[in-house]
Protein chains: 2
Amino acid sequence: MENQQIKQAGLKVTAPRVKILGILEHSGKRHLSAEDVYKELLSQDEEIGLATVYRVLTQFEGAGLVCRRHFEGGQSVFELNSGSHHDHLVCIKCGKIVEFVDSLIEDRQIAIAAEHGFRIEDHSLVVYGLCAGCQNAR
Amino acid sequence: MENQQIKQAGLKVTAPRVKILGILEHSGKRHLSAEDVYKELLSQDEEIGLATVYRVLTQFEGAGLVCRRHFEGGQSVFELNSGSHHDHLVCIKCGKIVEFVDSLIEDRQIAIAAEHGFRIEDHSLVVYGLCAGCQNAR
DNA sequence: GGGGAAACTGAAAATCTTTCGCATCTTGCT
DNA sequence: AGCAAGATGCGAAAGATTTTCAGTTTCCCC
Ligand SMILES: [Mn+2]
Ligand SMILES: [Mn+2]
Ligand SMILES: [Zn+2]
Ligand SMILES: [Zn+2]
């Protein structure tokens, strides 16, 4: 369970960490802001401060347990590290998020970086638009 | 000169606007943060407040004169709108920025959005890595 | 099963970037 | 020149995240 992952990450197993990891795993949404996690904790009557949520999420990120995403506007969102990279399609109206992977795009990025002598460390591709539902809402 | 562009944007021609547009046009760097612009103004002994710099840059953005980019870390950066879209390769060590356009990637994005019923409004692709120079610095 | 050093936590204060409120100037037009 | 709309500069405010710090907890070792 969660305890193992936390331990393997080199972190002590504490109530806040177990709770937060649990929320990331079983809360319906895959992409949560620190605030989202905090509210979920509150709704479960957990006495955990927002600063701790940020701290823990950052530690989880450092340990490779979660990925932090910076979409436009406001807060960063966190998601469990699925192990495989993917990019995002975000609806600017309702916030719906669709994940996708495209090897053609990935390959082109590598080629382009190489053309310019860069060694890729990471990349961020986010496509913003209106989802099907939001296009039909007049 | 600058005055025309500002006027055509529907904005009054004021000293701060002319100065800021001038800095964006002739300051060596293509990508500047509001703070960068502010410092440049200070070094030219201009009495312009940081709030005005942000305000003006935001107005320029609204008028289509400049584009605002949100790279990782801290501040947004602004660049003159070249008229044509492009993406960025950013060195995480020295901050060097290389611009590129890849129609294959653009096309795939459109196809992917379509597959998911999205109508694209915008997108952001940033590839982070080490530039040639920074790779050889041990 | 304790003892204790190291790690962790909540709450408040601090940072950092960007935006607001507002009294005071400027610009653009007659 | 005279005026109304629009701009500016300043300080305060806001929003997100981080840091500080004193009290607590975990977990390694005997
Ligand atoms: Mn995702
Ligand atoms: Mn650019
Ligand atoms: Zn939508
Ligand atoms: Zn570099």
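Below, read A as the first sequence line, B as the second, and so on, with proteins coming before strands; counting in each chain starts at 1.
Ring geometry for B:Phe71 versus B:His31: interplanar angle of 30 to 60°, hence tilted.
In the model, B:Thr52 has a side-chain atom that pairs as donor or acceptor with a side-chain atom of B:Arg55 under 3.5 Å. In summary, the side chains of B:Glu106 and B:His85 do present a donor paired with an acceptor at a separation below 3.5 Å, with no hydrogens or angles considered.
Candidate nucleotides C:dT18, C:dT19, D:dT17 were compared by shortest atom distance to the side chain of A:Gln75, and D:dT17 ranks first.
Between the CG atom of A:Leu32 and the P atom of D:dT17 there is a distance of 13 Å, given to the nearest Å. When rounded to the nearest whole Å, the span between CG of B:Asn3 and C1' of C:dT27 equals 12 Å. The nearest whole Å value for the distance from the CG atom in A:Leu50 to the C1' atom in D:dT18 is 11 Å. Distance, B:Lys7 NZ to C:dT26 P: 18 Å, rounded to whole Å. One interatomic measurement links the two molecules: CD1 of B:Ile6 to P of D:dG6, which rounds to 17 Å at whole-angstrom precision.
Taking CD1 from A:Ile112 and CG from B:Leu89, the interatomic distance works out to 8.0 Å, rounded to the nearest 0.5 Å. Note that CD of A:Gln109 is 6.5 Å distant from CZ of B:Phe100, once rounded to the nearest 0.5 Å. A distance of 4.5 Å separates CD of A:Gln59 from CZ of A:Arg17, quoted to the nearest 0.5 Å. With rounding to the nearest 0.5 Å, the separation of NZ in A:Lys96 from CG in A:Leu130 is 12.0 Å.
Side-chain contact between A:Leu11 and A:Phe60: present, with at least one pair of heavy atoms (C-beta onward) separated by less than 4.5 Å. Looking only at side-chain heavy atoms (C-beta outward), A:Leu32 and A:Ser27 come within less than 4.5 Å of each other.
Residues of residues 23-30 of chain B that place a heavy atom closer than 4.0 Å to DNA chain D do not occur. Annotation: proximity of residues 36-49 of chain B to DNA chain D (heavy atom, distance under 4.0 Å) is found for B:Glu47, B:Ile48, B:Gly49, numbered in ascending order.
For A:Tyr54, no side-chain nitrogen or oxygen approaches OP1 or OP2 of D:dT18 to under 4.0 Å. Between A:Ser76 and the phosphate of D:dT17, there is a side-chain N or O to OP1/OP2 separation shorter than 4.0 Å.
In this structure, B:Ser33 reaches neither bases nor backbone, as no heavy-atom distance under 4.0 Å exists between it and the strands shown.
Two residues, B:Val13 and B:Arg68, neighbour DNA chain C, and the one matched to the more 5' nucleotide by heavy-atom proximity is B:Arg68. Heavy-atom nearest nucleotides on DNA chain C were determined for B:Gly74 and for B:Ala15, and the one closer to the 5' end corresponds to B:Gly74. In this structure, A:Glu35 and A:Ala51 both approach DNA chain D, and ranking their closest nucleotides by distance from the 5' end singles out A:Glu35.
Applying the side chain to side chain donor-acceptor pair (under 3.5 Å) rule to B:His116 yields no partners; only residues at least two apart in sequence or on another chain are considered.
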Protein-proximity profile, nucleotides 3-8 of chain C, B/S/- by nucleotide at the 4.0 Å heavy-atom cutoff, equals ---BSS
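Contacts classified as salt bridge (charged side-chain N to carboxylate O under 4.0 Å, His left out) and involving residues 71-92 of chain B (residues at least two apart or in different chains) are given here: B:Arg30-B:Glu79, B:Arg69-B:Glu79. Screening residues 38-53 of chain A for salt bridge (charged side-chain N to carboxylate O under 4.0 Å, His left out), with sequence neighbours left out, gives A:Lys19-A:Glu46.
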